[in-house]
**Q** 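First the structure, which I've put down as C-alpha cells, then a few questions once you've had a look.
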There are 2 protein chains.
Amino acid sequence: MNSHHERASTRVARNIVKDIEERQLPAGTKLDSEHVMIEKQGASRATVREALRFLELQGALKMKAGPGGGPVVNIPGVDHLAGALSLQLQFANATFSAVLEARRSIYPILVAEAAENATTDEICALKASLQRLYEATEDSDAAAREARNFYELVAVASKNLVLGFLVNALHHLSENSGIDYDMQHRQASARQADRILQAIEQRDAEKARALSEKMHAAAWRYWEKNAPELLNAPVSWITR
Amino acid sequence: MNSHHERASTRVARNIVKDIEERQLPAGTKLDSEHVMIEKQGASRATVREALRFLELQGALKMKAGPGGGPVVNIPGVDHLAGALSLQLQFANATFSAVLEARRSIYPILVAEAAENATTDEICALKASLQRLYEATEDSDAAAREARNFYELVAVASKNLVLGFLVNALHHLSENSGIDYDMQHRQASARQADRILQAIEQRDAEKARALSEKMHAAAWRYWEKNAPELLNAPVSWITR
DNA sequence: TATGCGCAAGTAGTATACTATTTAGCGCGT
DNA sequence: ACGCGCTAAATAGTATACTACTTGCGCATA
C-alpha cells in the first residue's frame, strides 16, 4: 500500500504514457488537448501541464500551438537519453574522461556483436556511410554528423537495441564536450572505420573488437594531446 | 538570435542546475523557496514549479512541505536513470530480452575492469557483501537487495563510473520485470559470484570475464525456462 | 483566377489568487 | 517533565483570467 500519496502530476504522466502504450499510438498521433485531459484526468490545468512538460522534456511527446495543434506522440531520440544521462553524471561529478572510458569499454562489444549479427543489407548501408565519411573529412561538422550516423548503423546491425542506445547516448555526450578533431584524425578515423567494417564483413568478431579498441585508444591519445583540459572537465546537463 | 524560443520552464530548470553546479552544493542543501525563485528567475509560479517538478522526477532534488521545507539538493540514484531509460525503451518497443542482452554484454566488461582496478578495501567490501548474499538465499527480497548491493560494489571497484551507472540501471530494470528467482538459482548465483570475486582477487580479468559470461548465460536460460513470457514482455516506464 | 494580406479562432503559455495539506516549532496544561 | 495541540510557514493543488503565438480561412485586389 502506498502510504505516501503519489504526486498528481506523476500520476497524470503515467496515465498518458500508459494510454500511449495500450493503444499502441504511433509517433505523430494527436493526443487529447489540455482541457480534455483536465476533464478525463480530473486534475487542474497546472498539474496536467506539469505532466506534459515532463514528457516533452523526455521526448515522449511534442507540443504544438495553433488550431489542429496540441500534444503529439513522439519517439524520443538518443539526445533525450543523453540529456537525462548527462544530468545524472553532472550530479555524480563525472568528467568527460569517465564518458570516454565507458565508450572505450562498450563500443568494442557493440562492434563485435555487429560482426556476428549484421545482415548484408546493413553492411551495405555501412559501406555507403563509410563512403560519405571519407568524402566528409574536409568538413568537421559533416564528418561528425556522418560518424554519428555510422555509429547508429553499427548499433542497429548489432541487434542489441539497448546497448546501441547507450553507446549512441555516450557518443552524443562526448560530442557535446566541444572537442574538435583535426583533419588528420578524421582521416585516420575513417581508415580505422574502414578496417572495422572489413572485419564485420568477414564476420570476424575478435578482429573487429581489437580494431575498435585500437581506435578508441587512438582517440584517447588525441584527447590527451590536444585537449587534456577537456578530459577533466565536468559533464554538465545538456538540454538539446 | 535564437529563433525557437527556449521554454521558460526549461530555462529555469537549467538555471537551477547551473547554480547547483557552480556553487558545488552538496546533497541536503536547502535551495531557495518557490517565491524566492519566482523573483530571482522572473518567472511565474507555474513555470518555476514545472521546472522543480521535472528536476524532482529526475532525482536532482527533493521537495518537502512544511516549515523548513522546500527544494533540497539530492543526488539522483540509479533508479532515476533507470526510469528515464525505461521510458525511452518503452517508446522503442523494447522487450526485457533486449535489456538482458545488454546486461549480458556489459557486465562481463565491468567485472574484468574490476579485476584490474579494485583496491583491497573494495575486495573486502565485496567479500562482506558475498557473505550476506550467502546468508540471504532463504529470502527472495533480501537476496535481490544484496545482489544489487554486490553489483554496485563491483561498479565502484571497476573505477568506470559511467559503465557502473548503466549496468546498475539495467539491473534495476530487469528487477522491475517481476522476475523471481527460486532458491536453487539464488544459491547458484551466490556460488558464481563467489568464483568471480576470487578471480577479481587474483587480478585475473579474463577469468572473471569468462565466469561472468557463464553466469549471465545461466540467468538467460533461467528466464527462458521459468518465465519465457517475460522475455517478450515490453519494457514499460517505471516511476518508483 | 490566382495571390497575398489580414482577421478570427483555437491552443499553449504566463500570471495571480485562493484553498488544502503537511510539518516544524512553540506553548500551554496536566 | 511529558505530551497534546495550536500555529505558522511552506509546498500542493485548483481556479480563472489574460497574453502570445500559430494557423486556417476568407476577402480583396491585381
Side-chain angles (χ1 to χ4, degrees), chain A residues 1-17 19-20 25 27-74 239-240, chain B residues 1-17 19-20 25 27-74 239-240:
Chain A
M1 226 72 62
N2 259 342
S3 58
H4 54 328
H5 294 142
E6 185 187 31
R7 212 131 241 150
S9 55
T10 310
R11 173 176 48 80
V12 172
R14 208 160 29 83
N15 286 341
I16 295 171
V17 170
D19 192 50
I20 294 175
L25 301 181
T29 308
K30 268 178 54 177
L31 293 174
D32 296 329
S33 58
E34 277 189 358
H35 68 272
V36 177
M37 282 190 182
I38 289 167
E39 282 183 7
K40 286 191 181 176
Q41 303 285 347
S44 73
R45 188 158 165 225
T47 303
V48 169
R49 283 179 45 94
E50 277 174 12
L52 290 173
R53 178 82 68 245
F54 173 75
L55 294 176
E56 192 194 25
L57 280 166
Q58 291 292 4
L61 49 84
K62 280 180 191 166
M63 299 176 78
K64 211 176 62 172
V72 176
V73 178
N74 184 45
T239 56
R240 287 187 296 292
Chain B
M1 199 81 76
N2 259 343
S3 59
H4 53 335
H5 292 142
E6 183 186 32
R7 279 216 153 86
S9 55
T10 309
R11 174 176 49 79
V12 172
R14 209 160 29 84
N15 285 342
I16 295 172
V17 170
D19 192 49
I20 294 175
L25 302 180
T29 309
K30 271 177 54 178
L31 294 174
D32 295 330
S33 59
E34 277 189 1
H35 68 271
V36 176
M37 282 190 180
I38 291 169
E39 281 183 8
K40 285 192 181 174
Q41 304 286 345
S44 72
R45 195 168 93 97
T47 304
V48 170
R49 285 196 29 167
E50 278 173 11
L52 290 174
R53 181 76 68 245
F54 173 74
L55 294 175
E56 191 194 27
L57 280 165
Q58 292 289 10
L61 48 84
K62 279 180 191 167
M63 299 183 76
K64 215 176 57 172
V72 175
V73 178
N74 184 46
T239 55
R240 287 184 300 296

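Lettering follows sequence order; numbering is per chain, from 1. All heavy atoms count here, side chains included; hydrogens, waters and symmetry mates do not.
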**Q** If you only use heavy atoms from C-beta on, which nucleotide in C:dG13, C:dA24, D:dT11 is closest to the side chain of B:Glu34?
**A**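 The listed nucleotide nearest to B:Glu34's side chain is D:dT11.
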**Q** Do the side chains of A:Thr47 and A:Arg11 get nearer than 4.5 Å, heavy atoms only?
**A**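 Side-chain contact under 4.5 Å: no.
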**Q** Would you mind reading off the distance between B:Lys30 atom NZ and C:dA24 atom P, rounded to a whole angstrom?
**A**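 Computing the B:Lys30:NZ to C:dA24:P distance gives 11 Å.
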**Q** Taking atom OG of B:Ser44 and atom CZ of B:Arg49, what is their separation to the nearest 0.5 Å?
**A**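 Taking OG in B:Ser44 and CZ in B:Arg49, the distance rounds to 10.5 Å.
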**Q** Rounded off to whole Å, could you give me the CD-to-P distance for the A:Glu56 and C:dA12 pair?
**A**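 Value for this atom pair: 11 Å.
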**Q** Is B:Phe54 close to B:Gln58 at the side-chain level, that is, under 4.5 Å between some pair of heavy atoms?
**A**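 Side-chain contact under 4.5 Å: yes.
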**Q** Does any part of the side chain of B:Met37, heavy atoms only, come nearer than 4.5 Å to the side chain of B:Leu31, both counted from C-beta?
**A**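 Answer yes - side chains close enough.
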**Q** Using whole Å, report how far CG of A:Leu31 lies from C1' of C:dA12.
**A**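 Rounding to the nearest Å, CG of A:Leu31 and C1' of C:dA12 are 15 Å apart.
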**Q** Going by heavy atoms in the side chains, are B:Arg7 and A:Leu57 under 4.5 Å from each other?
**A**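 Not in contact.
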**Q** Check whether any side-chain heavy atom of A:Thr29 lies under 4.5 Å from a side-chain heavy atom of A:Ile20, and answer yes or no.
**A**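 No - every pair of side-chain heavy atoms lies 4.5 Å or more apart.
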**Q** Would you say A:Arg53 reaches C:dG13's phosphate, i.e. side-chain N/O to OP1/OP2 under 4.0 Å?
**A**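 True: A:Arg53 side-chain N/O within range (under 4.0 Å) of C:dG13 OP1/OP2.
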**Q** To the nearest Å, give me how far apart CG (B:Asp32) and C1' (D:dA9) are.
**A**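 After rounding, the reported distance stands at 16 Å.
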**Q** So, taking the atom named NE2 in A:His35 and the one named CZ in A:Arg45, what distance separates them when rounded to the nearest 0.5 Å?
**A**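 Here the rounded value is 10.5 Å.
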**Q** Rounded to the nearest Å, what distance is computed from the CE atom of residue A:Met37 to the C1' atom of nucleotide C:dT11?
**A**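 From A:Met37 CE to C:dT11 C1': 13 Å.
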**Q** Strictly below 4.0 Å, heavy-atom distances to any atom of DNA chain D: list the hits from residues 66-74 of chain B, or just say none.
**A**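 Residues of residues 66-74 of chain B that come under 4.0 Å of DNA chain D are, in numerical order, B:Gly66, B:Pro67, B:Gly70, B:Pro71.
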**Q** With a 4.0 Å cut-off on N to O distance, would you call B:Glu56 and B:Arg53 a salt bridge?
**A**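 Yes.
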**Q** Measure the spacing between CD of B:Glu34 and CD of B:Glu39 and express it to the nearest 0.5 Å.
**A**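 Those atoms lie 13.0 Å apart.
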**Q** Calculate the interatomic distance between A:Leu57 atom CG and C:dG13 atom C1'; express it in whole Å.
**A**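 In whole Å, C:dG13 C1' lies 14 Å from A:Leu57 CG.
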**Q** Can you check the A:Arg7 CZ to C:dT21 C1' distance for me, whole Å?
**A**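 Going from CZ in A:Arg7 over to C1' in C:dT21 covers 12 Å.
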**Q** Tell me: CE of A:Met63 to P of C:dT11, nearest whole Å?
**A**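 So the CE-P distance, A:Met63 to C:dT11, works out to 12 Å.
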**Q** List, with names and distances, any nitrogen or oxygen atoms from the protein found under 3.5 Å away from nitrogen or oxygen atoms belonging to nucleotides 14-18 of chain D.
**A**
| from | atom 1 | to | atom 2 | distance (Å) |
| --- | --- | --- | --- | --- |
| D:dT14 | OP2 | A:Ser44 | N | 3.2 |
| D:dT14 | OP2 | A:Ser44 | OG | 3.3 |
| D:dT14 | OP2 | A:Thr47 | OG1 | 2.9 |
| D:dA17 | N6 | A:Arg45 | NH1 | 3.4 |

